S.K.: 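This is the structure I want to talk about, given as structure tokens.
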Amino acid sequence: MKNRSFRLNRSKKKKKILEKRYEEKLENKVGNLGIYADVEENVKYIETLLGKAGDLKIRQFTIQYKPETKAAMLYLDELASRDANQDFVLRPLMTYSGLFYKDTKKDVWELAYESLVQAGELKVEQEMKEAVDAILRGDTVLFINGYEKVMVIGTCGWKTRGIGEPRAESVVRGPREGLSETLLFSLGMIRRRLKDPDLRVKMYSIGKRTKTSVSLIYLEGVVQPDILKEVKNRIQRIDIDGVLETGYIEEFIQDQTWSPFPQLQNTERPDAVVAHLLEGKIAILVDGTPHALIAPAVFTQFYYSPEDYYERFHIATFLRLIRLVSFFISLMLPALYIAFVSYHPEMIPSKLQFKMASGRATVPFPSIIEALLMEISVEILREASIRLPGPIGPTIGIVGALVIGDAAVSAGLVSPAMVIVVGLTTISSYANPSYNAAISVRLLRFPLMISAGIFGLYGVMLGLVLLLLHLVQLRSMGIPYMAPYTPLNTSDFKDTLVRMPWKWMDKRPSFFHPKDSQRQEEKSEAQDQKNGGEAS
């Protein structure tokens, strides 16, 4: 009994010494360590490093080999697959290892690596940092006593959301699946559509604490090498403690921080990502978000919808023109109303002028205050409808706008014409397929309204000139934001405000400087007529 008590006390003392030693190393931030030959030391170090986390699972066992060897398996619960660990790691090592007594001359490490551990992804690491990073990624690590190395087993098996339809980019005709928060699922959806051996995927780990996986996707032989090099350099320069969404990456790598216009496009549609890759652009995916970044981006592409390429070109052209008209209405209508009512009533037809004057007879505010109050109220309602629970949000938005608008007109606080202007402006802003571009227009509407309230139409024109100057000098990864209009390139007009038939769009847009500019073989008009005659 004394001997047993002595051994227990010595074991407890050794345990406390180990814990104290590892805590001192962590406090002093000692550089990267190698793997200890003693399994117990490795387990205690990782356990102390992770703060004895409740979801850290540690399984110490014995491999029945010559001689019996201690081993330990560590993983994070709900990140690693329990079934894979039990069926393909523990069971072979604990059960089948004894069958190899006479059949092999390999040592226990070689036997485990080459025969017993049944996993498709298996790596050997020499440093403790790699083992800890693997555990935090969702992999399983296996230590074997007497070996200063660790086996990293790919057993990631966390629960994910099912693939669903993109909510922000819905289409009538086209695929119904969107990208996933799981990076590998998103890559799989892209590869399923783009079966090209030239598709390249470069992986980065960004964030000193989150160590978020970020992938850079492009088509080698199509993308311009200078643009690719610039994107890579900007991503590698990111130094932050955590990245949770593509918005972090977007702000770090965009050309101009203070511009209200988005300089990179974001999408959650895999078909849209593939379409951009085929044009020589670069896609950026971040683990944990279904939104992909597209670089570089130009102004016109924010008003394209994937559906434009699935419908016939007549319909696509009509829809693009409708979106362009909606853009100008959303941006300028409130400012024009203020300018006409306050400074240029003579430009309004006389009958309409009398109607508007009678409607404003009881309004106690000037037109600029009236417009700002209504626009701010609509923005508050729009934000509230987004933040409220799903079934309630749309109802509050619609009912709130109707009730507040009707009550404001009845009370004589705003004119009926102002309610119509704000309603048309709000509806037009929803016609934009890109959410971040629509927000930019909503922001720019207010400076134009203030300028119109101070200077009238001169203020509106001054605001538009300044806006145009800003757009002309703006760049996205060095590409002019207003291409192909400035600099002018008429050969790229086939896919801008109008969309020409596919058989005429034989080349990729030249303003992205693709290495391989040819999209399809050029066919003369005579050949098309000949083919049409043979078919008939």
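All values reported here derive from a predicted model rather than from experimental measurement. Below, each value reflects all heavy atoms present in this structure, side chains not excepted, and no hydrogens, waters or symmetry copies.
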S.K.: Should the pair Arg508-Glu279 be classified as a salt bridge under the 4.0 Å nitrogen-to-oxygen rule?
M.R.: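 No, no charged N to carboxylate O under 4.0 Å.
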S.K.: For Arg137, is there an ion pair with Glu130 - N to carboxylate O distance below 4.0 angstrom?
M.R.: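 A salt bridge is absent here (no side-chain N lies under 4.0 Å from a carboxylate O).
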S.K.: Flag the pair Arg91 and Asp87 as a salt bridge only when some basic side-chain nitrogen lies within less than 4.0 angstrom of an acidic carboxylate oxygen.
M.R.: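 Salt bridge present between Arg91 and Asp87.
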S.K.: Run the salt-bridge test on Lys129 and Asp133 with the 4.0 Å N-O cut-off and return the result as yes or no.
M.R.: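 Yes, charged N to carboxylate O under 4.0 Å.
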S.K.: Quick one: do Arg499 and Glu311 make a salt bridge, cutoff under 4.0 Å?
M.R.: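 Result for this pair is no, no salt bridge flagged.
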S.K.: Consider only side-chain N and O atoms of Gln301 and Gln265, and report whether a donor and an acceptor are under 3.5 Å apart.
M.R.: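 Yes, a side-chain donor-acceptor pair sits under 3.5 Å.
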S.K.: For Asp495, is there an ion pair with Arg320 - N to carboxylate O distance below 4.0 angstrom?
M.R.: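 Yes, this pair counts.
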S.K.: When you measure from the side chain of Arg82 to the backbone N and O of Asp77, does any donor-acceptor pair fall under 3.5 Å?
M.R.: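 No.
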S.K.: Would you mind reporting whether Leu76 and Lys57 have side-chain heavy atoms less than 4.5 Å apart?
M.R.: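 A side-chain contact under 4.5 Å is absent here.
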S.K.: Hey, could you give me the CG/CG distance between Asn145 and Asp38, rounded to the nearest 0.5 Å?
M.R.: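 Spacing of CG (Asn145) from CG (Asp38) equals 5.5 Å.
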S.K.: Determine the interplanar angle of the Phe299 and Phe261 rings, folded into 0 to 90°, and report it as parallel if under 30°, tilted if 30 to 60°, perpendicular if over 60°.
M.R.: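 Rings of Phe299 and Phe261: perpendicular, over 60°.
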S.K.: Does the distance from a Lys or Arg side-chain N to an Asp or Glu carboxylate O, for Lys149 and Glu125, drop under 4.0 Å?
M.R.: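 The answer is no: the pair does not qualify as a salt bridge.
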S.K.: For Asp287, enumerate each residue passing the salt bridge (Lys or Arg N to Asp or Glu O under 4.0 Å) test, keeping only those at least two apart in sequence or located in another chain.
M.R.: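 Asp287 satisfies salt bridge (Lys or Arg N to Asp or Glu O under 4.0 Å) with no residue once adjacent residues are dropped.
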S.K.: State plainly whether the residues Glu47 and Lys52 are in salt-bridge range, i.e. N to O under 4.0 Å.
M.R.: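 No salt bridge links Glu47 with Lys52.
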S.K.: Any idea how Tyr309 and Tyr304 line up, ring-wise: parallel (<30°), tilted (30 to 60°), or perpendicular (>60°)?
M.R.: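 Aromatic pair Tyr309/Tyr304 classed perpendicular.
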S.K.: May I ask you to say whether Glu41 pairs ionically with Lys44, meaning some side-chain N is under 4.0 Å from a carboxylate O?
M.R.: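 The answer is no: the pair does not qualify as a salt bridge.
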S.K.: Does the pair Asp308/Arg323 count as a salt bridge with the N-to-O cut at 4.0 Å?
M.R.: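 Salt bridge present between Asp308 and Arg323.
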S.K.: Rounded to the nearest 0.5 Å, how far does CG of Asn436 lie from CG of Asn266?
M.R.: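 Here the rounded value is 4.5 Å.
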S.K.: Drop me the distance from Thr267's OG1 to His291's NE2, to the nearest 0.5 angstrom.
M.R.: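 Interatomic distance, Thr267 OG1 to His291 NE2, rounded to 0.5 Å: 9.0 Å.
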